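Okay, so here's the structure we're looking at.
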Amino acid sequence: MTLAERVKKLRIEMGMSQQELANKMGYSSRSSVNKIESGRQVTQKIIVRLAEALHTTPSYLMGWDDESTDPLVIEVSKRWMEEVGTVDFTEDETEELINYAKYLISKRI
């Protein structure tokens, strides 16, 4: 599987459109993502940005690792996109979300 195929596969699994992935990467247009998914060569910097946006590792995108990410991360991301959509959280809001997730996990123990 190529980098282009891995990017498209993860994006679809997460329920993200090309535009939503472009937004997460800081692009204003989906055409950049379309070019990546069509096989355009990309820099290391873009691979890192793709990995962050798709909640995976650069190693997976490059084909050096077979594990993309925890299936739970993909499921949560997919549901998030369906129910909340693309939202730019502040650093404090992100920290609050993480702390809430930790609280929920702590209740299970």
Side-chain angles (χ1 to χ4, degrees):
M1 187 179 295
T2 67
L3 176 131
E5 292 167 332
R6 288 172 188 254
V7 167
K8 185 173 184 175
K9 175 183 177 286
L10 285 175
R11 177 182 61 76
I12 290 169
E13 284 177 356
M14 295 174 74
M16 244 190 282
S17 68
Q18 286 184 339
Q19 184 62 55
E20 289 164 332
L21 178 56
N23 292 345
K24 287 184 87 164
M25 294 182 65
Y27 297 130
S28 59
S29 167
R30 71 174 189 83
S31 66
S32 296
V33 172
N34 186 294
K35 289 176 186 174
I36 292 167
E37 290 183 359
S38 296
R40 184 190 97 200
Q41 296 228 341
V42 296
T43 65
Q44 286 180 333
K45 182 178 178 181
I46 292 173
I47 292 169
V48 169
R49 287 171 53 195
L50 280 165
E52 289 172 357
L54 294 168
H55 304 288
T56 191
T57 64
S59 293
Y60 172 76
L61 292 179
M62 293 302 297
W64 302 330
D65 186 358
D66 290 335
E67 294 295 320
S68 63
T69 191
D70 185 329
L72 178 61
V73 172
I74 292 174
E75 180 60 26
V76 169
S77 296
K78 181 179 178 181
R79 296 241 354 246
W80 182 275
M81 291 305 295
E82 290 170 356
E83 296 183 29
V84 179
T86 303
V87 179
D88 291 327
F89 288 106
T90 66
E91 194 170 318
D92 288 341
E93 291 168 331
T94 301
E95 188 66 29
E96 197 172 327
L97 283 167
I98 291 168
N99 287 335
Y100 185 67
K102 287 178 181 178
Y103 165 74
L104 290 175
I105 292 166
S106 74
K107 289 176 57 175
R108 298 173 81 191
I109 298 173

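Treat the numbers as computed from the prediction; the structure is a model and nothing was measured. These values consider heavy atoms only, across backbone and side chains, with no hydrogens, waters or symmetry-generated copies.
The two residues Ala22 and Ser29 have their closest heavy-atom pair at CB-O, 3.4 Å. Closest non-hydrogen pair, Lys8 versus Glu37, comes out as CA-OE2, 3.5 Å. Considering every non-hydrogen atom in both Ser28 and Gln19, the closest pair reads O-NE2, 3.3 Å.
Within a 6.0 Å radius of CD in Glu5, other residues, nucleotides and ligands contribute more than 12 heavy atoms. Glu91 CD: 12 or fewer foreign heavy atoms inside a 6.0 Å radius.
Taking CE from Met16 and CG from Asn23, the interatomic distance works out to 10.5 Å, rounded to the nearest 0.5 Å. Between the OG1 atom of Thr57 and the CD1 atom of Ile47 there is a distance of 11.0 Å, given to the nearest 0.5 Å. A distance of 5.0 Å separates CZ in Arg40 from CD1 in Ile46, rounded to the nearest 0.5 Å. Remark: Gln18 CD to Tyr27 OH distance equals 12.5 Å, nearest 0.5 Å. From Arg6, atom CZ reaches atom CG of Leu50 across 13.0 Å, with rounding to the nearest 0.5 Å. To the nearest 0.5 Å, atoms CG (Leu54) and NZ (Lys9) are separated by 11.0 Å.
One hydrophobic cluster, built from ILVMFWY side chains closer than 4.5 Å, holds both Met62 and Leu21. Met1 is connected to Trp64 through a chain of hydrophobic side-chain contacts under 4.5 Å among Ile, Leu, Val, Met, Phe, Trp and Tyr, so both are in one cluster.
One N or O on the side chain of Arg49 and one on the backbone of Met25 form a donor-acceptor pair closer than 3.5 Å.
With salt bridges taken as basic N to acidic carboxylate O contacts below 4.0 Å, none links Glu20 and Lys24.
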